[in-house]
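What follows is a set of notes on a single structure, which appears directly below.
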2 protein chains.
Amino acid sequence: MPELTSQTYTRADEAFDCLQTAIVKGELAPGDKIGELDLCSRFELTRGPLREALGRLESRGLLVRRPHAGVKVVSLSASELVELYRIREVMEGLAARQAAERMTDQEIADLRATLDAHEAMIEEARGQAYYQAEGDYDFHHRIATGSRNTKLAQMLLGDLYYMVRMYRYRLSTSAGRPHRALGEHRRIVEAIAHRDGELAEFLMKRHINAARRNIEKKIQQGDLTI
Amino acid sequence: MPELTSQTYTRADEAFDCLQTAIVKGELAPGDKIGELDLCSRFELTRGPLREALGRLESRGLLVRRPHAGVKVVSLSASELVELYRIREVMEGLAARQAAERMTDQEIADLRATLDAHEAMIEEARGQAYYQAEGDYDFHHRIATGSRNTKLAQMLLGDLYYMVRMYRYRLSTSAGRPHRALGEHRRIVEAIAHRDGELAEFLMKRHINAARRNIEKKIQQGDLTI
DNA sequence: AAACTGGATATTGTCAACAATCTGCAACGT
DNA sequence: ACGTTGCAGATTGTTGACAATATCCAGTTT
C-alpha cells in the first residue's frame, strides 16, 4: 500500500503556513518590507522552499514582490477593505444557500452548538473581542465548508478569510455588535435548518452588509488607521 | 531614476505564464501527470524558477501536487464545473453592478465596440466556436476590470476565468446560443450605460445562469466527456 | 545648497549538484 | 495462482554557490 497517511509536510508547506499565520496574526504587519534571508533565519529554512512559499503567498494576494527589490506584506486601503466585504456578501450568500440545501443534520446540530458556545463566550468574556472574532470566523468557516462547493470553500477559506482576519484584530467591535451579530447568526442557522436556501442567502447577505456598514462608519469616524 | 519601466520578467514569471496558457489551451490536458524535467526541457528553463511557478499554479488550483509523487493538471468533475458557474453568477453579478456605477463613458463606448466586433465575427465565421468563446471572454474581462474592485477582478481574471477557459474549448456551443448570448450581452451593456447597477446585476446573473443550464443539459445528454 | 551621477554593497534571481522519497518490477512465500 | 516484500531506478525535495540587479551613499556639479 502506498502509505495512505502520506501527510508528508515539505519545507515549502511549512514555510507557507508559518508565513501565512505570521501575517494574519500581525507579526508581519501590512506594508513591512521583508528580506528573504531574514525569513530564512527566522523560520529555520533555506531560500529554495521559502521562495516557493513566497510565490504561493503572492498568488493569493497576501504579499507583493518587485523583482530584485524585495517582498512586502500587502497593505489594503480602507476602500479595498470595504470592497472585500462586498465580495464576501455575494459569495457567502451563495455559500449559505448551498449549505441550506446540502448540510447534513449532524452538521447543522454542530453549527447550533457552535453558536451556543459562542453565546457563552460573549456573556463571560465581556469585551474579549478576540474570542468574538474567532467565534465569528468559526461560524463562517463551517458554512463555507457545508456548501459542498469545493472551489467556493477554497476561495473563501484560502483567500478572503485570511485577508479579512489580517485586519480584524484592528477593528474594535462596537458596543452591542457581538450580541446583535449572534442573533443574526441564529436566524441564518434556523433558515438552514428549515432548508430554506433563499432565506439563508438573504439573511447572510444582510448580515455581512451590516458588518460592512459598521466598518464604513468607523472609517468615517477616523477610528480606523489603515 | 530607478528604471520605471521595470517590466523585469523573471524566469519564474515566464514559467508561470507558459504553463498557464499551456493548460488553458489544452496542450496539457486535465489529469495529465507532468514531470518537472519534462517541463524544463520544454520551456527552456531550470527547476528553481519552475518550482516557484508550480507553487503559484497549485495555489490557484490549476494543478495538484503530491510530495515526491509528481504534479498533475487538475481535473474538474462535471458537478465541479457546474459549481464554478454558480460562483461566477454571484461574483460577476456584483462586477456588473459595480461596473455600472464606476465605468467611464469611454469604457462603456469601448464595450459597445467590442460587442459590434463580436457580432460581426458571429455573422462571418459561422460556427467558429473559438472566436465566439474569445469574444465572450473579452466581454466578461472588461466588466470585471470596470468594476474597479481590485480583489474581485483579481479573483475573476486570475482564478475563475482560467478554469472556465480550460474546459470551454470542449463545450461545443449549441446552435443558436452565440446569437442569444450576444443579445444578453447587449442588454447588460445598456443597463450599465443607464447606470442601473441593480438591473445590470440581475441581467448578468440571468446570463450566466442560462450558460450554466446549457452546460447541465449537455452533461445530461452525455455530450460532455469530463 | 540642491540636484545629479557614479560606484560599492547588499539583496534577489538563477543554477547545478546532493539527499530523500515514491513507483514499478521481480522474486519470494503462502 | 495470488498477494506480499524487497530492491533498483527515477523523480522530487533541498541545499549552497554564482550571477544579475536595485538601493544607498558619497562625490561632484550647477
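Below, each value reflects all heavy atoms present in this structure, side chains not excepted, and no hydrogens, waters or symmetry copies. Every chain is numbered from 1 and lettered A, B, ... according to where its sequence line falls, protein lines coming before strand lines.
- Atom CG in A:Leu50 sits about 13 Å away from atom C1' in D:dT14, given to the nearest Å.
- In this structure, A:Glu101 does not pair ionically with B:Arg86, as no charged nitrogen and carboxylate oxygen lie closer than 4.0 Å.
- Between the A:Ser59 side chain and the A:Gly55 main chain, no donor and acceptor come within less than 3.5 Å of each other.
- Between the NZ atom of A:Lys72 and the P atom of D:dT23 there is a distance of 11 Å, given to the nearest Å.
- Residues passing the side chain to side chain donor-acceptor pair (under 3.5 Å) test with A:Glu89 are A:Asn209, sequence neighbours excluded.
- For B:Arg65 (side chain) and B:Val71 (main-chain N/O), no donor-acceptor pair under 3.5 Å exists by modelled atom type.
- Per the geometry, CG belonging to A:Asp13 stands 16 Å off P belonging to D:dT12, to the nearest Å.
- A side-chain donor-acceptor contact under 3.5 Å links B:Thr21 to the backbone of B:Asp17.
- Contact check on A:Asp159 versus B:Arg60 returns no salt bridge, with no Lys/Arg side-chain nitrogen under 4.0 Å from an Asp/Glu carboxylate oxygen.
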Heteroatom pairs (N/O) under 3.5 angstrom, protein to nucleotides 11-14 of chain C:
residue : atom : partner : partner atom : Å
C:dT12  : OP1  : A:Glu36 : N            : 3.2
C:dT12  : OP2  : A:Glu36 : N            : 3.3
C:dT12  : O3'  : A:His68 : N            : 3.3
C:dG13  : OP2  : A:Glu36 : OE2          : 3.3
C:dG13  : OP2  : A:Arg51 : NH1          : 2.2
C:dG13  : OP2  : A:Arg51 : NH2          : 3.2
C:dG13  : N7   : A:Arg47 : NH2          : 2.7
C:dG13  : O6   : A:Arg47 : NH1          : 3.1
C:dT14  : OP1  : B:Arg11 : N            : 2.4

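- Look at CG on B:Leu54: it is 9 Å from P on D:dT12, rounded to the nearest Å.
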